[in-house]
2 protein chains.
Amino acid sequence: MSESVVLDTVDLHILRLLQNDARTTYREIAAEVGVAASTCLDRVARLRRSGVILGHQLRLDPAKLGRGLQALLSVQVRPHRRELIKPFVERIRGLPESRSLFHLTGPDDYLVLVAVADTADLQRLVVDEFTSRPEVARVETRLVFQQWDCGPLMPPSSAIPPATRS
Amino acid sequence: MSESVVLDTVDLHILRLLQNDARTTYREIAAEVGVAASTCLDRVARLRRSGVILGHQLRLDPAKLGRGLQALLSVQVRPHRRELIKPFVERIRGLPESRSLFHLTGPDDYLVLVAVADTADLQRLVVDEFTSRPEVARVETRLVFQQWDCGPLMPPSSAIPPATRS
DNA sequence: CTTGAAATCTTCTAATC
DNA sequence: GATTAGAAGATTTCAAG
């Protein structure tokens, strides 16, 4: 299902440009990469079909939407059994405050990134949606001072094939 | 700089649709929301100018790009002084393995989400780029079993104004 | 905010390599 | 099989009301 895909330099160039700005037009990409616009369309369609491209997402500023405070909640769910964790995950994903959720190794099972209005809002969230729940054994809250997104996601250089594609 | 912005129901409706799929056309949005396409264009341009919309991003599957393993690294930087942390942050952001970086409250100063090929790659990364660095006092590594993105980011209902905008 | 027209972009087809 | 150029169809964008 999630096997690695063979990408040539054209695919990589297109991905780099689109990661920089997902609204870049096929004409611009074509001019930059040096192929026809219809080829770019083809390549992007293939990258979508093969699952490399999962979707196009809008990045919003939580602070501008009245959610100026972000926090990471480390959560222990006990007992850690399927019939308990599935509803837990679905409930957390559905919270309007949740931004992303990780299932991790280590003593803390889950890490939840939340965006809230202020510390009072955070307290309400932690108490009402986490610590007061029977399946939640422990919650550790850390505030986010600052967050950075990193460079484009690229395959390791060892994974880049020498020249042509299959 | 990051003050909250007044959004009416049209803005919110547009944001919800675009967060669902950032490639939704203005015609579709217009039909759904019940305004003219040019109004949608206007609204989106305004949301961009006001900083609510930070950009359009392509979501990629790391596993398909030969980075099938993700991990979270909790890092203590000592001493925690500006002249040390700025280059640290810039270096981490520049690593091809880094996906996002958080500066946090609590004993661990930074949390880094990284995507690597396998555990050998992760070990190399941790040793070469973290533990062997003089400013890095401690690193704790946790693997990501699974990750979920949560629902659209929306303002708290208390922040939604009654009817009209300025 | 809307309409409607102009400019641009996407997408398809047929032909080529 | 992949790519191209060009045409046809959509979409975006602008000007005017």
(message) Generate the contact string for nucleotides 10-17 of chain C. Rules: B means base contact, S means sugar-phosphate contact only, - means no protein heavy atom under 4.0 Å.
(response) BBB-----
(request) Find the distance B:Ile29:CD1 to C:dC1:P and express it as a whole number of Å. (result) 14 Å
(request) Send over the distance from B:Asp42 CG to D:dT13 C1', rounded to a whole Å. (result) 10 Å
(request) Could you grab the distance from atom CD of A:Glu32 to atom CD1 of A:Ile14, nearest 0.5 Å is fine? (result) 11.0 Å
(message) Please report the interatomic distance CG(B:Asp108) to CG(A:Leu72), rounded to the nearest 0.5 Å.
(response) 11.5 Å
(request) Report yes or no: does B:Arg133 contribute a side-chain atom to a donor-acceptor pair with the main-chain N or O of B:Val77 at less than 3.5 Å? (result) no
(message) Enumerate the ring pair (Phe, Tyr, Trp, His ring centres under 6.0 Å) contacts for residues 121-153 of chain B, please, sequence neighbours excluded, ordered by first and then second residue.
(response) A:His103-B:Phe145
(message) Against B:Ser74, only a single residue in B:Arg138, B:Arg142, B:Glu140 fulfils side-chain hydrogen bond (donor to acceptor under 3.5 Å, both in side chains); can you say which?
(response) B:Arg142
